[in-house]
Amino acid sequence: MKASQTPLFTQKEDPKDAVVASHKLLSRAGYIKKQASGFYAYLPFGYIVHRKIEEIIRTKMNKYGAVETHLPVLTPAELWQVSGRWSSMGPEMMRLSDRHNVNFALGPTHEESITWLAKQYLHSYKQLPINFYQIGKKYRDEIRPRFGLIRCREFVMKDAYSFHIDDASLEETYQKMRECYREIFDECGLETLSVEADSGAMGGSGSEEFMVPSAIGEETLLLCPDNDCQYRSNQEKTMFKPQTPYSSDKSNAAAERVDTPDVKTVEEVANFLKAEKTSFIKSVIYENSSAVVLAFIPGDRDISETKLKNLSGEADLEMASPESIEKVSSAPPGFAGPFELNVKNGDEITVQGEKKNVIILYDKNLKNRGNLISGGNMADTHCINLQEARDFIIPEGEEYDLVQAKESDLCPKCGKHNLKSTKGIEVGHVFKLGKKYTEALDVSVLDAEGRPSTLTMGCYGIGVGRTLSTIVEQNYDEKGIIWPESAAPFRYYMIGISKTEEEKKEIDDLYERLIEKNISVYYDDRKERPGIKFNDADLTGFPFQITIGKNYFENKKIELKIRKTMQKSEMAFEELFS
RNA sequence: CGGGAUGUAGCGCAGCGGUAGCGCACCUGUUUUGGGAACAGGGGGUCGCUGGUUCAAAUCCAGUCAUCCCGACCA
């Protein structure tokens, strides 16, 4: 390919709306162009890279036994209604209707579609396991598109869905996909960490995310520094293990209410009562349209909203309104506590005309403790000398992990080392899905005994554009992008420097010889000064640069430069063929 | 949706009551040509949109749309 037919679209200045390196460089080097927030056009080089990454993924997926399909982007509402996601997906799903007012959604993901497909053709356990995948556009009306290709509203995803007769089979495919992903990201030149991830309200028994460590990562990871332990998890999933165990000291003093006028937060009350934050019970209250969730956790820690949502089984929880708080704690916000609470688990209350279930959750680090302090369920009042089992009861088997873990907590796996925190970009996710969709769409096959058996599923996703962008995020310098060979648009960027038409013709011929040998080369044959070409070559970032000019016409030497190291060497043109 | 900011030429910006400017890019010519050339000439903008204030609005006011940043979603 040459510049006279496929032009460069490079620019000197960063677009003003770009904040991260990959977005700036991909824009400046003429790979992508934003059309609207979260929607990007791919320019010729960008699309070549995109296709190369797709091809890496495709090759590996095929190698690991997955079969490629292609599903419609526009999906009928009916499918989503069956699974319940037509309503639960909310505004994130882009919807539209046809001329007959039939509703559709631009698929944000394709569990329903693929499950529908599986239902059409899977009838026997002998057909299993099977792993369908596709590489296609996804649409998510993200609240905040960000960082160029990292978080888009339209993006290409490789999504795979496997179907199994039992958990053992799912486990086997799940492990294969983990291996497959490792190979894919390796080949893309990305160093990934796989971390334990939240499996969300969908349930499921396991989920891992493939993370690329990066300062611009939107995920916080907690890692055990010990090489034998290797515990790694997404912070929202990390089990909390305190550095120092909470005191279990108890006294015989009875629970007592004390005046704490206008002191509300744990911080304020701790100062006021001259007590340690660790001896407090922090009460947090969330709600959605159908439930009010009270959680009690150690006073020195923050709640993990992810854990709260999973354990309560309630999605889209938000901080409770003052009305709801008053309803459950008989006091304004800031004075709730577990002692003499006037609601209990399973109660139904009415707040501003809406009926809501009360769900109460206790953190396990409050079990068997005494000398605790919490809100008194009365305005301007706190309770001291609280003792679990005496003044409030955490039911057997309901000691939950509700606390958000953080750096320097103990590793919950080995219990020996302090966790380290790092940021990561999520480029892939493997997930044991279970039966949610096969049950909803009633997908079963006959097992070996001739009995119908509902299938279990796994799903596996990779964001293609995000992977592309992440490669740049990890591989650039002050001059521009540095592509790994596997993803580069071309292997060579060839710069011709000629003073006469004859010389130009001679370089053109050399280019033709490379093309004949099927060498991946982009030829910058523009009538530009050399400096412009050198800079564009560095900016666009192909692995090698070939310069043909004065030295060739005088000594038959060309110059080869390695983009990554900037090392230059002279050689005969023919050496390119070896 | 809450908080903050910005919309002026293809890109990056200045101008902030008197009718539009700079750098880069672009076109023509000359001289240049191994790390973003110099000179000369030239083209291009109803200043996001709508309304208001004013003799006069890019500039002040209101509304609206778009974009970006910080928080809740996710590949």
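Below, chains carry the letters A, B, ... as their sequence lines are ordered, and counting in each starts from 1.
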*Name the orientation class of the two ring planes belonging to A/Tyr552 and A/Phe573 (parallel below 30°, tilted from 30 to 60°, perpendicular beyond 60°).*
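Correct class here is perpendicular.
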
*Parallel, tilted or perpendicular: which fits the ring planes of A/Phe132 and A/Phe163, with parallel below 30° and perpendicular above 60°?*
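Rings of A/Phe132 and A/Phe163: perpendicular, as their planes differ by over 60°.
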
*Check whether NZ of the Lys or CZ of the Arg A/Lys138 lies under 6.0 Å from the centre of the six-membered ring of A/Phe155 and within 45 degrees of that ring's axis.*
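No, A/Lys138 does not sit over the ring of A/Phe155.
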
In whole angstrom, give the distance that lies between atom [atom1] of [X] and atom [atom2] of [N].
| X | N | atom1 | atom2 | answer |
| --- | --- | --- | --- | --- |
| A/Glu503 | B/U33 | CD | C1' | 11 Å |
| A/Glu478 | B/G35 | CD | C1' | 14 Å |
| A/Lys527 | B/U28 | NZ | P | 11 Å |
| A/Tyr40 | B/U67 | OH | P | 10 Å |
| A/Arg529 | B/U32 | CZ | P | 12 Å |
| A/Phe534 | B/U33 | CZ | C1' | 11 Å |
| A/Lys34 | B/U67 | NZ | P | 7 Å |
| A/Arg526 | B/A25 | CZ | C1' | 12 Å |

Between [N] and [M], how far is it from one [atom1] atom to the other, in whole Å?
| N | M | atom1 | result |
| --- | --- | --- | --- |
| B/A20 | B/C26 | P | 27 Å |
| B/C39 | B/G48 | C1' | 38 Å |
| B/A38 | B/A25 | P | 9 Å |
| B/A57 | B/U53 | C1' | 10 Å |
| B/C24 | B/G36 | P | 15 Å |
| B/U46 | B/U54 | P | 27 Å |
| B/U59 | B/C47 | P | 9 Å |
| B/A58 | B/G17 | C1' | 10 Å |

Between the protein and nucleotides 7-14 of chain B, list every N/O to N/O distance that falls short of 3.5 Å.
| residue | atom | partner | partner atom | Å |
| --- | --- | --- | --- | --- |
| B/G12 | OP1 | A/Lys16 | N | 3.1 |
| B/G12 | O2' | A/Glu13 | OE1 | 3.2 |

*Nucleotide by nucleotide, 5' to 3', does protein get under 4.0 Å of the base (B), only the sugar-phosphate (S), or neither (-) in nucleotides 70-75 of chain B, counting heavy atoms?*
BBBBBB

*Please list, chain by chain and in numerical order, all residues satisfying side chain to side chain donor-acceptor pair (under 3.5 Å) with A/Asp536, sequence neighbours excluded.*
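So A/Asp536 forms a side chain to side chain donor-acceptor pair (under 3.5 Å) with A/Thr10, A/Arg526.
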
What is the base-pairing partner of [N], counting Watson-Crick and G-U wobble geometry with both distances under 3.5 Å?
| N | result |
| --- | --- |
| B/U28 | B/A40 |
| B/G23 | B/C11 |
| B/A66 | B/U6 |
| B/A58 | none |
| B/A72 | none |

Going by salt bridge (Lys or Arg N to Asp or Glu O under 4.0 Å), name the residues that satisfy it together with [X], two or more places apart in sequence or in a different chain.
| X | result |
| --- | --- |
| A/Lys527 | none |
| A/Glu183 | A/Lys60, A/Lys63 |
| A/Glu68 | A/Arg58 |
| A/Asp508 | A/Lys504 |

*Taking the nucleotide of RNA chain B with the closest heavy atom to each, which residue, A/Gly38 or A/Gly531, is nearer the 5' end?*
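Closest to the 5' end, via its nearest nucleotide, is A/Gly531.
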
*Below 4.5 Å, heavy atoms only, C-beta onward: do A/Val284 and A/Asp302 meet side chain to side chain?*
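Counting from C-beta outward, A/Val284 and A/Asp302 never come under 4.5 Å.
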
Tell me, please, which residues at least two apart from [X] pass side chain to side chain contact (heavy atoms under 4.5 Å, CB included).
| X | answer |
| --- | --- |
| A/Glu503 | A/Ser498, A/Lys499, A/Thr500, A/Phe553 |
| A/Asn555 | A/Asn551, A/Lys557 |
| A/Arg146 | A/Arg144, A/Arg151, A/Glu218 |

*Touch class at under 4.0 angstrom, heavy-atom based, for A/Thr467 against every strand present*: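 No contact.
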
*asked:* For RNA chain B, which residues of residues 561-573 of chain A approach it to below 4.0 angstrom with any heavy atom?
replied: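 Under 4.0 Å from RNA chain B: A/Lys561, A/Lys568.
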
*Quick one: is B/A25 close enough that its OP1 or OP2 comes under 4.0 Å of any side-chain N or O from A/Lys12?*
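So the side-chain polar atoms of A/Lys12 do come within 4.0 Å of the phosphate oxygens OP1 or OP2 of B/A25, strictly under.
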
Please set out all donor-acceptor pairs under 3.5 angstrom arising from side-chain atoms of residues 35-47 of chain A, sequence neighbours excluded.
| residue | atom | partner | partner atom | Å |
| --- | --- | --- | --- | --- |
| A/Tyr40 | OH | A/His23 | NE2 | 3.3 |

